[in-house]
Amino acid sequence: MINRIPEGEDLRMYWHGNWQDFCRGPHLQTTGQVPADAFKLTSIAGAYWLGDASRPMLQRIYGVAFKNRDDLKAHLVMLEEAAKRDHRKLGREMELFHIQEEAPGMVFWHPNGWTIYRALEDYMRGRLRVAGYKEIRTPQVVDRVLWERSGHWEAYRENMFIVEVDEDGAKEKRINALKPMNCPCHVQVYNQGLKSYRDLPLRLAEFGSCHRYESSGSMHGLMRVRGFTQDDAHIFCTEEQIEKECADFISLLASVYKDLGFESFEIKLSTRPDVRIGSDDTWDKLEAALENAIRATGNAYEIDPGEGAFYGPKLDFKLTDAIGRKWQCGTFQVDGNTPTRLGAEYVAADGDKHRPYMLHRAILGSFERFIGILLENYAGRLPFWLAPRQVVVASIVSDADPFVHEVVAALQKVGVRAEADIRNEKINYKVREHSVGKVPVILAIGMKEVEERTVSLRRLGDTQTQSLGFDAVMATLGLEALPPAGA
RNA sequence: GCCGCUGUAGCUCAGCUGGUAGAGCACAUCAUUCGUAAUGAUGGGGUCGGGGGUUCGAAUCCCUUCAGCGGCACCA
């Protein structure tokens with residue numbers, strides 16, 4: 001352990017009775033400094049010696065301690081709050097999705113969950129179109145020879161789902177893999193036809209369905225799955241275009257996060273690692289391009305030295321959710337290696353063929369994970385435009401049913417996801433059930449509303465209701481149902 | 001993958017030392033037409049995660065396997 005500590009740094013040792021600890025510290029002097037009612041043992045778990053999976057595992061007992069009882073209580077309340085907004089729990093309660101034994105790490109999307117997914121996808125599609133991306137679609141199952149060329153077969157095979165096909169009568173077995181990433185396929189699209197420098201930058205986007213064989217212990221609801229869909233895109237461009245593409249990307253990302261309810265995010269710039277390809281001169285230029293791009297957008301950033309990929313520097317984007325947790329979602333990576341391996345080129349102004357750079361980038365990361373983050377951020381109370389069930393129109397008496405249906409039909413016509421609840425139940429019961437179900441707007445209709453052609457509108461979380469005329473409701477809710485257009 | 005724990009009705013859970021399962025909610029039927037977070041009555045529903053073993057007898061004990069949960073490791 002001492003060898004792992006940088007020279008010149010103090011070595012510290014702590015004693016407590018006959019117990020001793022070699023630790024950076026600081027430690028409390030006596031356990032009496034922790035109030036008896038301000039600590040709690042929380043869990044017990046294995047942990048590798050020195051954090052290294054090849055070393056033996058130790059038992060670790062986890063506990064938390066605070067200055068006083070109230071701080072401990074506040075902490076426990078926060079944990080409860082986090083548990084309440086757990087997307088796995090919300091997913092069940094709101095009937096969004098499920099995962100079952102026969103397909104670990106793969107999501108079965110239910111109607112409500114798929115509605116959210118599509119709303120998010122449609123929104124992203126709109127934003128990308130305006131930002132100059134072309135959407136494509138590439139195969140899920142691809143022959144191993146492509147993965148050998150791209151280098152994945154060697155470097156990433158243990159994480160790939162291998163699909164073997166025994167072609168009858170063909171005496172030869174074809175080995176394919178489910179794609180773990182979209183980049184090699186995107187280069188195939190790029191490679192069709194001769195590209196000119198006038199075609200660059202070429203931005204190819206795909207809501208790419210990927211599969212990775214994640215280790216069993218790492219899966220977690222929607223947050224870490226084996227089958228997922230990236231909001232992926234690859235920008236093919238020249239070295240000179242990287243800076244502008246990067247700045248444009250950061251602006252787009254910031255605007256998307258804002259639309260989705262995340263005001264703040266962090267940027268981390270990962271620079272050249274020890275093991276790398278390419279000249280120092282090139283690395284200087286690439287790192288400077290990313291740094292300038294960030295500055296141009298006016299965002300703060302941190303540098304993570306040596307954490308870049310072997311082929312180029314990258315940016316990671318971490319957003320902060322409503323209860324202060326940080327999630328890494330966006331990424332931007334400069335890659336001159338893949339285009340070389342897969343033979344991408346373009347004809348430059350001088351008539352010669354050159355290698356383009358390839359910029360790997362994603363804003364949400366994956367739809368699955370991002371929906372998990374959205375659910376936890378909003379504790380299930382999604383903004384109107386993303387809510388799977390936006391409006392329930394509930395009758396108070398059955399004589400109101402015809403008007404209920406009329407209102408529902410009119411709402412659907414203006415693009416609102418509305419449904420009728422004309423069950424023979426009390427309005428209290430209906431309000432409770434749909435409130436628990438996180439429906440953002442409940443419209444109640446009794447005889448008074450029928451006569452006046454109005455509705456009684458109640459928003460999730462409010463106890464007040466407001467009376468609105470038929471046309472006013474259509475106009476208001478129709479507008480709210482539209483996805484944000486970007487700031 | 002590793003350490004620990006868990007797996008009983010759609011959901012949340014009870015079921016002591018082995019004697020072949022129970023509650024609430026949900027669901028169905030009937031009654032109730034009711035003004036903003038639970039109307040009442042009745043009823044249906046479980047090969048106790050899978051496989052094997054011990055035993056006269058296993059949801060309960062043992063082995064094994066799968067999945068999940070909490071961490072650790074991983075996330076080029």
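In what follows, every chain begins at residue 1, and chains take the letters A, B, ... in the order their sequences are listed.
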Integer angstrom distance from the P of B/U54 to that of B/A14 = 31 Å
task = For nucleotides B/C11 and B/A26, find the distance between their C1' atoms and express it as a whole number of Å.
result = 7 Å
Over-ring placement of A/Arg226 relative to A/Phe161, 6.0 Å and 45° cut-offs = no
request  = Please find out if less than 6.0 Å separates the ring center of A/His110 from that of A/Phe97.
outcome  = no
ask   = Quick one: the side chain of A/Thr465 and the base of B/U36, do they pair up donor-acceptor inside 3.5 Å?
value = no
P spacing across the pair B/A21 / B/G49, given as an integer number of angstrom = 15 Å
ask   = When the aromatic ring centroids of A/Phe317 and A/Phe249 are compared, is their separation below 6.0 Å?
value = yes
task = Indicate whether the side chain of A/Ser54 and that of A/Tyr48 have a donor and an acceptor atom separated by less than 3.5 Å.
result = no
query = Going 5' to 3' along nucleotides 68-75 of chain B, which nucleotides have protein heavy atoms under 4.0 Å from the base (write B), which only from the sugar-phosphate (write S), and which from neither (write -)?
reply = SSBBBBBB
request  = Classify the side chain of A/Glu449 versus the base of B/G35 as yes if they form a donor-acceptor pair under 3.5 Å and no if they do not.
outcome  = yes
request  = Could you work out the separation of B/U20 and B/G40 based on their P atoms and round it to a whole Å?
outcome  = 34 Å
ask   = When the aromatic ring centroids of A/His75 and A/Phe66 are compared, is their separation below 6.0 Å?
value = yes
inquiry  = Which is more 5' along RNA chain B, the nucleotide nearest A/Arg423 or the one nearest A/Thr463? Just name the residue.
reply    = A/Arg423
ask   = If you count the non-hydrogen atoms of other residues, nucleotides and ligands that lie under 6.0 Å from CD in A/Glu302, is the total more than 12?
value = no
message = On RNA chain B, does the nearest nucleotide to A/Leu58 precede the nearest nucleotide to A/Asp462 from the 5' side, or the other way round? Give the residue.
response = A/Leu58
message = Would you measure the distance from the P atom in B/A9 across to the matching atom in B/G24 and give it in whole Å?
response = 16 Å
note = Closest heavy-atom pair, A/Leu342 versus A/Asn191, reported as atoms and distance to 0.1 Å, is O-OD1, 3.0 Å
task = Find the distance A/Ile427:CD1 to B/A38:P and express it as a whole number of Å.
result = 12 Å
task = Look at the side chain of A/Lys426 and decide which nucleotide, out of B/C66, B/A37, B/U39, has an atom nearest to it.
result = B/U39
ask   = Mind checking the P distance from B/A23 to B/U65? Whole angstroms is fine.
value = 37 Å
message = With rounding to the closest Å, how many angstrom separate the C1' atoms on B/C27 and B/A67?
response = 27 Å
key: Atom C1', compared across B/C2 and B/A38: separation rounded to whole Å   = 46 Å
ask   = OP1, OP2 of B/U36 versus side-chain N and O of A/Arg459: anything below 4.0 Å?
value = no
